[in-house]
Amino acid sequence: MDLFDEQEREAGLQPLAPGAALLRGHARSRGDALVAAVHDIAAASPFRHLVTPGGHRMSVATTSCGTLGWHSDEGGYRYTARDPHTGHPWPALPELFVALARDAAERAGFPGFVPDACLINRYQPGTRLTLHQDRNERDECAPIVSVSLGIPATFLFGGLQRSDPVRRLRLVHGDVVVWGGPSRFVFHGVQPLMHAEHPLTGACRINLTFRRAG
DNA sequence: AAGTATCG
DNA sequence: CGGA
């Protein structure tokens, strides 16, 4: 291990692939405020279970904030300016969210990232996300910034082909994963959530994924 | 299609 | 486990 690797480790930066990194504990000190903001957002745009284009109910519950929010139904995946559930615009991105996403992206090698959408996923025991790619965002140059809050989960980080080997990463409260550039379209997912309790979130895990969708 | 069951 |  050379000096550069040691410095990365001290900074909590663990490279995963070209353009992808795990920032261990990067959001931990802001965990309380992030969870409080999620509660405020969910009061305006409640968590709901979306349906895939194939007609299957997703086990994860979702909401969004930002100028665009992610939606799925029998007609497909898309971003919308209004919450289809309420008919109102999505709640605004809190400044805390924007600053966190920008800072994490910069540390991972993507300076100047300004997200306009944050998909918020709520996992409860048994909730999973099968291997998929994020490909509904207009800006394919901007990275994805993923923030883990609450109880731990096993994140699946694959490659550009579904059949590529998958790395299993245990993500805990405050961990941040960033992927972009040559890793922008990697397949990823989450293993079924195990039962546990976290003082801030109870028996659930909250994941924030920041994107440049418009 | 971000899901599931089933098979080799 | 990977593919259908």
Side-chain angles (χ1 to χ4, degrees), chain A residues 16-17 19-20 22 38 41-42 45-85 90 97 101 115-140 142-171 175-180 182-195 201 204-214:
Chain A
L16 299 174
L22 165 58
V38 168
I41 290 160
S45 276
F47 284 105
R48 81 293 305 259
H49 291 274
L50 298 177
V51 173
T52 66
H56 298 278
R57 174 188 186 269
M58 296 178 71
S59 62
V60 70
T62 69
T63 186
S64 290
C65 62
T67 56
L68 292 170
W70 189 79
H71 184 71
S72 174
D73 60 22
E74 288 85 345
Y77 305 138
R78 61 196 172 276
Y79 283 92
T80 63
R82 287 173 177 269
D83 178 352
H85 185 84
W90 297 99
F97 282 23
D116 60 7
C118 175
L119 172 58
I120 305 174
N121 282 329
R122 186 186 66 194
Y123 296 76
Q124 287 168 321
T127 299
R128 76 181 71 189
L129 215 49
T130 59
L131 226 47
H132 68 279
Q133 298 166 299
D134 292 356
R135 30 187 349 140
N136 304 111
E137 298 74 26
R138 180 164 307 196
D139 188 345
E140 302 184 346
I144 302 290
V145 174
S146 171
V147 179
S148 294
L149 298 169
I151 71 179
T154 301
F155 183 61
L156 305 172
F157 187 86
L160 296 177
Q161 311 243 279
R162 192 181 284 271
S163 55
D164 285 341
V166 171
R167 288 171 69 170
R168 289 168 166 74
L169 299 170
R170 191 72 172 165
L171 299 181
D175 288 347
V176 179
V177 181
V178 179
W179 63 96
S183 290
R184 175 61 179 74
F185 295 110
V186 294
F187 280 88
H188 58 283
V190 178
Q191 282 192 343
L193 202 75
M194 296 294 97
H195 183 271
T201 62
C204 82
R205 168 178 186 260
I206 301 288
N207 183 74
L208 313 176
T209 49
F210 295 95
R211 308 105 187 277
R212 182 96 195 151

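Just so you know, these numbers use all the heavy atoms, side chains as well, and skip hydrogens, waters and symmetry mates. Residue numbers start from 1 in every chain, and the chains themselves are labelled A, B, ... in the order their sequence lines are given, proteins ahead of strands.
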> Rounding to a whole Å, what distance do you find between A:N207:CG and B:dA2:P?
Replying inline: 17 Å

> According to the interplanar angle, ranging from 0 to 90°, do the rings of A:F155 and A:W179 count as parallel (below 30°), tilted (30 to 60°) or perpendicular (above 60°)?
Replying inline: tilted

> Rounded to whole angstrom units, what separation is found between the NE2 atom of A:H132 and the P atom of B:dT4?
Replying inline: 14 Å

>> How many whole angstroms separate atom CG of A:L119 from atom C1' of B:dA2?
In response: 10 Å

> Between atom CD in A:Q191 and atom P in B:dT4, what is the gap in whole Å?
Replying inline: 15 Å

> Are the side chains of A:R138 and A:L68 in touch, meaning some heavy atoms are under 4.5 Å apart?
Replying inline: no

>> Rounded to whole Å, please give me the gap between CG in A:L131 and P in B:dT4.
In response: 14 Å

> Could you state the CG-P distance from A:L156 to B:dA2, rounded to the nearest angstrom?
Replying inline: 14 Å

>> Need one value for A:R162: base, sugar-phosphate or nothing, where a base atom within 4.0 Å counts as base even if backbone is also close, heavy atoms only.
In response: sugar-phosphate

> At under 4.0 Å between heavy atoms, what does A:T52 touch on the DNA or RNA strands: base, sugar-phosphate, or nothing?
Replying inline: sugar-phosphate

> With both distances kept under 3.5 Å, what pairs with B:dT4, Watson-Crick or G-U wobble?
Replying inline: none

> Can you check the A:F155 CZ to B:dA2 P distance for me, whole Å?
Replying inline: 15 Å

> When you look at CZ of A:R170, are more than 12 heavy atoms from neighbouring residues, nucleotides or ligands closer to it than 6.0 Å?
Replying inline: yes

>> From CZ of A:F185 over to C1' of B:dA2, roughly how many Å is that when rounded to an integer?
In response: 15 Å

> Should we say atom CZ of A:R48 is surrounded by more than 12 heavy atoms from elsewhere, each under 6.0 Å from it?
Replying inline: yes

> Which part of the nucleic acid, if any, lies within reach of A:N136 when heavy atoms closer than 4.0 Å are counted: base, sugar-phosphate only, or nothing?
Replying inline: base

>> Of the options C:dG3, B:dA2, B:dT4, whose atoms approach the side-chain atoms of A:S163 most closely?
In response: C:dG3

